[in-house]
Amino acid sequence: MPTDYELRRQENIARNMKLLEGLMGKHKQEEESRIKQTKPVGHNNVPKKKKRIYTPKKHVELSSEDEIMGSRPAKRARSESPQPGLRRSLRQAGKIPPNHQAQSQTQLLSLVTAKAGVDHDREPNRRSGKRVHNPKTFGHIPGIPVGTWWESREDCSNDAIHAPWVAGISGSLEGAYSVALSGGYEDDVDMGDYFTFTGSGGRALKGTKANPKNLRTAPQSSDQSFENPFNKALKISSETRKPVRVIRGYKLPSPYAPLEGYKYDGLYIVDKNGLNDGGFLVCKFAFRRIPGQPPLRRTSAGKPDDNNGSDVDSDMTGV
DNA sequence: GGGCCCGCAGGG
DNA sequence: CCCTGCGGGCCC
């Protein structure tokens, strides 16, 4: 017997998925008509795609009150895992027995060669390196290729891909520089090249009586809004169409999430934003991956490499 | 597993 | 200085 909470969650997931599929179809059509224009019928020798350059669209009308954006259920039990099989234990990174490597070699990729020599006994809270690039820039960071893997957010921050250690959004009034997908919102949908993302705010930090607010995260307890500087940054990005760096974390319940740690999945565009009123207000965003980047890989579900990341995974339900 | 502590980055 | 933020570690 599904609970009320579960029903709403499923509804929202379906809605978000439909949104993403709509965007996919739209982009596919655009692509097809673009090819048709440059390639007359019956003419096969025309060079395929030339180098795909990302050209920002002049202007795209925004709907700030987009009803297709899914709402998030008001009450959310943090420990309640929709798909326990896909969830990694929060504190087990680095403690996973070696036999997990037997699951697949490909899923760990070259990324984990970096992990091979990781010293798990390193001092806690020690800065592991000095940052040489400014994370408050748009686009790629020199020397950090798509697919780069880190054990922790701290390491990722030192590489200037995503500066904050805890927060999921990094940005300013110029727009968002980067976001982290860590599975903090259970109705977000991840299809790889497309995903939905929930803004920040509305979480009353809790703590003990002696040390109030000494916990860094908390369940949703009030409304979000675009006045929140992070949400505002994402909204601005949807207008400017500037690229946003995306990292996926091991806690994200998605076949594109790494099994451990965090990985850099390249540049995305914030394609759509909306504010949904359901329970608490939440800011929702739809991201689209910029074409022409190294393909994403599936990790935790399906056959690794069975999909280069460009196709629609209409059968994907594991979100 | 949960409870609670803590540091850091960023912005005010 | 203050506060927040989809971390990480340690203890039970």
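Since this is a predicted model, take the numbers as computed values, not measurements. Chain identifiers are assigned alphabetically (A, B, ...) following the order of the sequence lines, protein sequences preceding nucleic acid strands; residue numbering begins at 1 within each chain.
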Exercise. Would H27(A) and Y194(A) satisfy ring-ring contact (aromatic ring centres under 6.0 Å, His included), going step by step from the backbone distance to the final call?
Worked result: CA-CA 11 Å; H27(A) 294 139; Y194(A) 296 79; 5.7 Å; yes
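- Rounded to whole angstrom, the span from the OH atom of Y185(A) across to the P atom of dC6(C) amounts to 5 Å.
- Counting to the nearest Å, the C1' atom of dG7(C) and the CG atom of L252(A) are 16 Å from each other.
- Toward the 5' end of DNA chain B, the nearer of the two residues P229(A) and V166(A), judged by each one's closest nucleotide, is V166(A).
- Comparing dG8(C), dG11(B), dG5(C) against the side chain of A167(A) picks out dG5(C) as the nearest.
- Under the side chain to side chain donor-acceptor pair (under 3.5 Å) test applied with Y177(A), the options S170(A), S172(A), S237(A) reduce to a single match, S172(A).
- Across dC1(C) and dC6(B), the matching P atoms stand 16 Å from one another, rounded to whole Å.
- Atoms CZ (R216(A)) and C1' (dC5(B)) sit 9 Å apart, rounded to a whole Å.
- Between K251(A) and the phosphate of dG7(C), there is a side-chain N or O to OP1/OP2 separation shorter than 4.0 Å.
- With distances taken from any side-chain atom of L215(A) to the nucleotides dC5(B), dG11(B), dC6(C), the minimum falls on dC5(B).
- Comparing dC6(C) with dG12(B), their C1' atoms sit 23 Å apart, to the nearest whole Å.
- The closest side-chain donor-acceptor pair between H133(A) and D159(A), if any, does not fall under 3.5 angstrom.
- Computed from coordinates, the D155(A) CG to dG7(B) P distance equals 19 Å when rounded to whole Å.
- Atom CZ of F230(A) is separated from atom P of dC3(C) by 16 Å (rounded to the nearest Å).
- Both Y262(A) and P164(A) lie near DNA chain C, and the one whose nearest nucleotide falls closer to the 5' end is P164(A).
- Here G199(A) lies out of heavy-atom contact (under 4.0 Å) with every strand.
- Applying the 4.0 Å criterion to OP1 and OP2 of dG7(C), one finds that S182(A) has a side-chain N or O inside that range.
- With the 3.5 Å cutoff on both pairing distances, Watson-Crick and G-U pairs in DNA chain C assemble into runs of at least 3 at B:1-6 with C:7-12, B:8-12 with C:1-5.
- Residue R131(A) has its side chain nearest to dA9(B) when only dA9(B), dC6(C), dG8(C) are considered.
- Taking atom NZ of residue K136(A) and atom P of nucleotide dG10(B), one finds them 6 Å apart after rounding to whole Å.
- A salt bridge does not link D155(A) to R153(A): none of the charged nitrogens lies less than 4.0 Å from a carboxylate oxygen.
- The pair E32(A)-K28(A) fails the salt-bridge criterion, with no side-chain N (NZ, NE, NH1 or NH2) lying under 4.0 Å from an Asp/Glu carboxylate O.
- Taking a cutoff of 4.0 Å between a charged side-chain nitrogen and a carboxylate oxygen, D265(A) and R289(A) do not qualify as a salt bridge.
- Ionic pairing of K284(A) and D188(A) is present here: one or more N-O contacts between side-chain nitrogen and carboxylate oxygen are shorter than 4.0 angstrom.
- The nearest whole Å value for the distance from the CZ atom in R203(A) to the C1' atom in dC3(C) is 17 Å.
- Rounded to whole angstrom, the span from the CD1 atom of I169(A) across to the P atom of dC6(C) amounts to 7 Å.
- There is no side-chain donor-acceptor pair under 3.5 Å between T217(A) and R203(A).
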